[in-house]
Amino acid sequence: MTELDLDVHHSESDLTEQLRADVRAGLGAGQKWLSPKWFYDARGSELFEKITALPEYYPTRSEREVLAARGGEIAESTGARTLVELGSGSSEKTRLLLDALTSHGTLKEFVPLDVSETALAEAAEAITADYPSLDVRGVVGDFTRHLDLLPGDRPRLVVFLGGTIGNFLPADRATFLCSVREVLDEGEWFLLGTDLVKDRETLEKAYDDAAGVTAEFNRNMLHVINNGLGANFDPAAFEHVSYWDEENEWIEMRLRARESLTVDIPGADLRVKFAEGEYVRTEISAKFRREGIAAELAEAGFAVEKWWTDSASRFGVSLARSVRG
């Protein structure tokens with residue numbers, strides 16, 4: 001196998017500094033919060049893979065169904081020479097697109113972007129082995145900061161899957177979509193996966209499974225802070241809570257203190273007090289309606305050319321083309 005081609009724009013020291021800044025900002029706020037990006041060390045990634053296989057967690061299966069059914073249309077519509085995946089992880093679902101685009105005959109390069117150099121290298125090695133005709137060029141970076149550094153021959157297809165767009169607050173989501181549009185030439189493509197609004201019971205079960213895997217995943221953020229900043233969080237002292245916020249149309253995940261306690265975080269020069277019952281918001285996961293996501297994409301400079309859902313209409317995938325500003 002040839003040596004992997006990795007562009008590294010985000011080092012371990014950068015990650016530690018960003019964790020420190022987020023922890024200081026979030027745990028120093030009146031209403032405490034932490035960014036969902038800190039779920040994902042190696043253990044967190046393993047837990048999330050388990051979540052995707054749970055009977056309650058439909059989004060991964062639903063999105064995979066759409067990509068399997070519509071990959072050929074995506075290839076035909078875009079004629080992409082470069083496939084760029086933001087937050088690539090294992091790139092497992094992306095293989096459906098790689099299959100369709102290589103069969104179509106246009107694809108020459110795959111560019112996965114992820115913050116974890118280790119995870120990215122493993123995924124890129126596997127893709128290189130299974131798709132020897134492709135040039136695979138990994139980018140170690142943050143998709144909120146390094147989009148302007150993305151390589152690739154035109155036309156490019158940028159994909160953002162898994163419903164991850166829902167983790168952004170609305171203003172941040174608008175900023176992110178505009179940043180994607182800014183790096184694309186007119187006529188290039190953006191494929192976006194969005195979880196859809198549905199009944200409360202289905203949504204809440206997806207984020208609070210009977211086996212407790214999501215609860216452990218949520219608490220894993222505290223392990224990440226302990227390991228990264230020398231904190232003394234006791235994850236068992238926090239209860240996993242999730243609920244459907246009907247007004248904002250998002251699932252909110254929290255960690256709630258079971259008792260009054262104090263946590264020292266030397267790496268952030270911080271001592272944090274929690275009252276019994278006080279919570280930290282760890283994630284929002286916004287759910288969308290077709291007309292809403294089309295409007296948000298239009299505001300950012302995209303025109304939705306194709307819209308698909310799975311057979312149960314639980315998950316939506318938009319194929320959008322960048323248009324003249």
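No hydrogens, no waters, no symmetry mates; every other heavy atom, side chains included, goes into these values. In this text the structure is predicted, and so the values were computed from the model without any measurement. One-based numbering along the sequence shown.
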From [X] atom [atom1] to [Y] atom [atom2], the distance as rounded to the nearest 0.5 Å:
{"X": "E204", "Y": "D209", "atom1": "CD", "atom2": "CG", "answer": "13.5 Å"}
{"X": "D310", "Y": "R64", "atom1": "CG", "atom2": "CZ", "answer": "12.0 Å"}
{"X": "D41", "Y": "I225", "atom1": "CG", "atom2": "CD1", "answer": "11.0 Å"}
{"X": "L98", "Y": "Y131", "atom1": "CG", "atom2": "OH", "answer": "5.0 Å"}
{"X": "N218", "Y": "R254", "atom1": "CG", "atom2": "CZ", "answer": "11.5 Å"}
{"X": "R321", "Y": "T78", "atom1": "CZ", "atom2": "OG1", "answer": "12.5 Å"}

Could you check whether [Y] and [X], counting side-chain N and O atoms only, form a donor-acceptor pair closer than 3.5 Å?
{"X": "D208", "Y": "S242", "value": "no"}
{"X": "Y207", "Y": "S285", "value": "yes"}
{"X": "Y279", "Y": "Q31", "value": "yes"}
{"X": "D199", "Y": "T202", "value": "yes"}

So which heavy atom on [X] is nearest to which on [Y], and how close?
{"X": "V23", "Y": "A268", "value": "CG1-CB, 4.3 Å"}
{"X": "A303", "Y": "V323", "value": "CB-CG1, 3.7 Å"}
{"X": "L297", "Y": "S318", "value": "CD1-CB, 4.1 Å"}
{"X": "W33", "Y": "D22", "value": "CH2-O, 4.2 Å"}
{"X": "V304", "Y": "A294", "value": "CG2-CA, 4.1 Å"}
{"X": "L67", "Y": "L96", "value": "CB-CD1, 3.8 Å"}

Within the 4.5 Å heavy-atom criterion, are [X] and [Y] side-chain neighbours or not?
{"X": "I127", "Y": "R95", "answer": "yes"}
{"X": "L270", "Y": "L229", "answer": "no"}
{"X": "F302", "Y": "V180", "answer": "yes"}
{"X": "L97", "Y": "E85", "answer": "no"}
{"X": "L157", "Y": "T82", "answer": "no"}
{"X": "K306", "Y": "R70", "answer": "no"}
{"X": "Y58", "Y": "D195", "answer": "yes"}
{"X": "L319", "Y": "S77", "answer": "yes"}

Checking [X] side chain against [Y] main chain: does a donor-acceptor pair fall under 3.5 Å?
{"X": "R20", "Y": "G267", "result": "yes"}
{"X": "E188", "Y": "R156", "result": "yes"}
{"X": "S103", "Y": "A100", "result": "no"}
{"X": "S322", "Y": "R181", "result": "no"}
{"X": "E63", "Y": "F315", "result": "no"}
{"X": "E65", "Y": "S311", "result": "yes"}
{"X": "S35", "Y": "K37", "result": "yes"}

Please check if atom [atom1] in [X] has more than 12 non-hydrogen atoms from other residues, nucleotides or ligands closer than 6.0 Å.
{"X": "E201", "atom1": "CD", "answer": "no"}
{"X": "K198", "atom1": "NZ", "answer": "yes"}
{"X": "E299", "atom1": "CD", "answer": "no"}

Linking I/L/V/M/F/W/Y whenever any side-chain heavy atoms sit under 4.5 Å apart, do [X] and [Y] land together?
{"X": "L255", "Y": "I284", "value": "no"}
{"X": "F190", "Y": "W307", "value": "yes"}
{"X": "L54", "Y": "L47", "value": "yes"}
{"X": "F288", "Y": "F168", "value": "yes"}
{"X": "W189", "Y": "L134", "value": "yes"}

- [ ] Answer yes when R289 and E249 have at least one side-chain N-carboxylate O distance shorter than 4.0 Å, and no when they do not.
- [x] yes
Task: Salt bridge R219-E216, side-chain N to carboxylate O under 4.0 Å - done: yes
TODO: May I ask you to check if K32 and F274 form a cation-pi contact, with NZ or CZ under 6.0 angstrom from the six-membered ring centre and within 45° of the axis?
DONE: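 Because its charged atom sits under 6.0 Å from the ring centre and within 45° of the axis, K32 does stack over F274.
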- [ ] Mind running side chain to side chain contact (heavy atoms under 4.5 Å, CB included) on F110 and T102 for me, showing each step along the way?
- [x] CA-CA 11 Å; F110 176 51; T102 52; over 6 Å; no
- [ ] Given side chain to side chain contact (heavy atoms under 4.5 Å, CB included), test E49 with T52 step by step and report yes or no.
- [x] CA-CA 5 Å; E49 287 302 311; T52 63; 4.2 Å; yes
Task: Step-by-step side chain to side chain contact (heavy atoms under 4.5 Å, CB included) determination, V280 to M221 - done: CA-CA 11 Å; V280 181; M221 185 178 293; over 6 Å; no
Open item on the list: Centre-to-centre under 6.0 Å for F39 and F217, is that the case here?
Closed with: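 Between F39 and F217, the centre distance is under 6.0 Å.
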Open item on the list: Give me each pair satisfying salt bridge (charged side-chain N to carboxylate O under 4.0 Å, His left out) with a member in residues 234-247, each pair once, sequence neighbours excluded.
Closed with: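 Checked against salt bridge (charged side-chain N to carboxylate O under 4.0 Å, His left out) - neighbours excluded - the pairs reaching residues 234-247 are R200-E246, E239-R256.
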- [ ] Would you mind listing every side-chain hydrogen bond (donor to acceptor under 3.5 Å, both in side chains) that reaches into residues 264-273, with sequence neighbours excluded?
- [x] D264-R271
Task: side chain to side chain contact (heavy atoms under 4.5 Å, CB included) assessment of K287 paired with W244 - done: CA-CA 10 Å; K287 309 306 171 187; W244 171 240; 3.7 Å; yes
- [ ] Measure the acute angle between the ring planes of F48 and Y40, then classify it against the limits of 30° and 60° as parallel, tilted or perpendicular.
- [x]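 The rings of F48 and Y40 stand perpendicular, inter-plane angle above 60°.
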